[in-house]
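Contents: one structure, followed by commentary.
In the text below, chain A, chain B and the rest are named by the order of the sequence lines, each starting its count at 1. In this text the structure is predicted, and so the values were computed from the model without any measurement.
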Number of protein chains: 2
Amino acid sequence: MLSPEIEPSQSDDAARAGWLYYVAGMTQDQIARELGVSRQRAQRLVSRAMAEGLVHVRIEHPIAACLELEQALTDRYGLTRARVAPGLGAGADAVRAIAPAAAQELERFLAMSEPLVIALGTGRALRGMVDSLTGLDAPQHRLVSMIGNIAPDGSASFFDVIMRIADKVRAPHYPMPMPVISATREEFMAFTALGPIRQVRQLAERADVIFVGVGQMGDDAPLLADKFITRAELTALQKRGAIGEIAGWVFDAEGRYLESPDDTRLGGVRIDPRLPRPAIGVAAGASKVPAIRAALKAGILNGIVTDESSARAILAQG
Amino acid sequence: MLSPEIEPSQSDDAARAGWLYYVAGMTQDQIARELGVSRQRAQRLVSRAMAEGLVHVRIEHPIAACLELEQALTDRYGLTRARVAPGLGAGADAVRAIAPAAAQELERFLAMSEPLVIALGTGRALRGMVDSLTGLDAPQHRLVSMIGNIAPDGSASFFDVIMRIADKVRAPHYPMPMPVISATREEFMAFTALGPIRQVRQLAERADVIFVGVGQMGDDAPLLADKFITRAELTALQKRGAIGEIAGWVFDAEGRYLESPDDTRLGGVRIDPRLPRPAIGVAAGASKVPAIRAALKAGILNGIVTDESSARAILAQG
DNA sequence: GGGCGATATGAGTAATTGCTCGTCAGGCGA
DNA sequence: TCGCCTGACGAGCAATTACTCATATCGCCC
């Protein structure tokens with residue numbers, strides 16, 4: 001998207017049409033005449049601009065109900081920061097709702113001129129956040145991954161957000177080139193013995209800011225879907241009270257990490273509860289509510305970006 | 001717009017409808033059902049959200065042609081910064097085109113964490129810039145006006161941008177409470193003798209960044225329209241080669257300030273050529289092209305935000 | 001050079017949106 | 001209290017936009 005020379009007029013025209021439509025407020029007929037193309041082509045360009053994510057829309061208005069929820073979350077859990085986006089209604093994708101708000105939160109840190117180490121998890125929510133990110137230069141910061149990027153099948157993780165962010169802000173980035181979960185403890189030790197990997201892990205551990213998604217541990221847990229754990233392992237964890245997971249580290253309804261022998265193979269960096277630095281969760285959706293609540297309660301997260309209905313649900317229970 | 005408690009659900013609903021429409025991509029019929037109102041009301045809410053400027057749209061794509069023009073401007077005039085927005089086509093208002101880009105430039109400075117003194121002119125272009133500004137907090141900076149805010153008829157200047165920016169970013173601001181042009185030299189001296197006014201002027205003179213509009217000196221010059229000068233004075237200035245004006249200071253086609261006895265009554269702070277700090281002009285439109293070119297040539301401005309057709313025109317002549 | 005698949009194009013049509021108008025409720029001064 | 005004015009509302013309709021489909025074009029492999 002930010003590549004300098006390619007695509008001389010491919011999505012270039014789309015951007016121009018999108019500009020004329022959304023910013024200039026022209027009708028597609030006028031755009032067609034302006035660009036000297038058919039009306040249908042103008043329509044396709046505009047629609048492409050939208051599909052390619054060239055068009056960023058933001059509502060510049062604090063909706064009262066959301067502000068109240070932010071305040072309530074902050075008070076209840078002693079957060080440093082809470083952002084609640086308006087809900088998208090029943091059937092819609094919660095990620096769509098929170099992505100722009102999450103991007104805005106991340107931009108707050110990116111905009112700072114003193115160099116920060118920004119640690120990032122993975123997942124659909126963070127991926128959405130990146131897509132909504134404005135392309136601003138912030139080469140002073142360093143971006144580091146909280147979690148290994150090698151999937152069980154050896155491929156690079158599908159939702160790798162760190163490359164995409166780094167691409168947009170042109171900052172140095174440090175992915176963690178090791179398995180999310182190593183096959184054996186020995187493999188884990190072998191990886192972490194490597195100098196470069198140890199350095200990345202140290203960087204992540206002392207990050208100034210952390211952005212992570214939150215995984216739920218229901219029968220359709222992402223850990224299972226992505227084949228990081230087996231069905232049997234999931235069931236065993238559920239029996240022990242597992243309710244959620246952050247960077248691969250599983251916790252119960254009180255936000256206590258479940259100790260297990262598998263821990264010694266986990267490639268993700270664990271977030272200690274009540275860090276004195278921002279640890280911000282980006283998550284929404286009914287299924288994730290108990291997990292989010294647990295993480296907030298225990299202080300694994302001290303900041304949250306979520307949507308309206310999730311915020312209400314989180315606050316509904318003590 | 002950022003007021004905390006008023007309007008419990010007045011434009012609140014509008015914001016929500018706008019969100020559902022532009023961000024969630026729902027149809028107005030769906031929104032109507034979601035909000036439990038009639039389709040017509042949903043339509044009105046969406047349209048209101050747009051009219052009130054709650055909806056901010058940005059195209060996140062560097063259009064090749066504009067990038068080339070930016071490069072050409074930077075090279076030709078040795079600028080620190082050039083931004084060219086896509087043109088809006090023949091009949092459209094140039095301010096609409098450059099406002100978002102100008103806002104983005106201003107935000108670059110507002111986002112810096114070290115405290116800056118930001119000086120601002122007036123005019124329609126800057127006013128548009130403010131309207132496009134994202135509401136971000138930047139209390140570390142100080143905003144100072146380059147130009148007096150008392151119009152000839154005693155009213156506060158219509159396009160007073162500094163209050164509006166300060167309101168949006170919650171930064172301390174220093175308007176210049178004196179006439180744009182004093183009636184006599186004595187009046188000017190009396191004003192500038194006052195301590196607070198002297199302090200504001202000093203602040204403006206040592207500003208870290210300057211954003212100003214550019215006025216043209218044709219027969220419909222803004223200085224005349226706003227009754228700062230008479231028709232006779234305008235004609236006299238034109239005879240002496242006046243081509244443009246920045247903060248009330250008139251210059252010729254080479255960007256040389258016209259010396260005149262009236263200078264001693266001018267309330268605006270004059271920008272010295274080739275300042276070592278950013279002095280950014282925000283201006284577009286065919287009538288302003290010679291003025292912009294002159295200001296760039298002489299180094300009164302070392303940065304520019306303009307639109308595509310203006311950029312081409314500026315570059316067209318040597 | 002010919003066939004083939006992928007992709008772009010324009011026409012037509014369905015869906016959605018924006019506008020105008022007649023109506024009505026509430027506020028306000030006579 | 002009456003009459004007038006302002007602003008909101010819903011209905012209907014015109015304008016605009018999105019989608020579908022048949023056709024044309026291009027690149028590529030044989």
Less than 4.5 Å apart, any side-chain heavy atom of A:V46 and any of A:M50?
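A:V46 vs A:M50: side chains apart.
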Side chain proximity check, B:I165 to B:L106, heavy atoms < 4.5 angstrom:
yes
Quickly work out the [X] [atom1] to [N] [atom2] distance and round it to whole Å.
| X | N | atom1 | atom2 | result |
| --- | --- | --- | --- | --- |
| B:R48 | C:dG18 | CZ | P | 15 Å |
| B:D13 | D:dA8 | CG | C1' | 14 Å |
| B:L45 | C:dT17 | CG | P | 14 Å |
| A:Y22 | D:dT16 | OH | C1' | 13 Å |
| B:Q43 | D:dT17 | CD | C1' | 14 Å |

For residues 16-29 of chain A, which residue pairs qualify under salt bridge (charged side-chain N to carboxylate O under 4.0 Å, His left out), counting only residues two or more places apart or in two chains?
A:R16-B:E308
How close do B:E70 and B:V84 get, heavy atom to heavy atom, and via which atoms?
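Smallest heavy-atom distance, with atoms named: OE2-N, 2.9 Å.
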Please encode protein proximity along nucleotides 10-16 of chain C as a string of B, S and -, counting only heavy-atom distances under 4.0 Å.
BB----S
Carboxylate-amine/guanidinium contact A:E107 A:R83, below 4.0 Å
no
Residue set satisfying salt bridge (charged side-chain N to carboxylate O under 4.0 Å, His left out) with B:R81, at least two apart, ordered chain then number -> B:E105
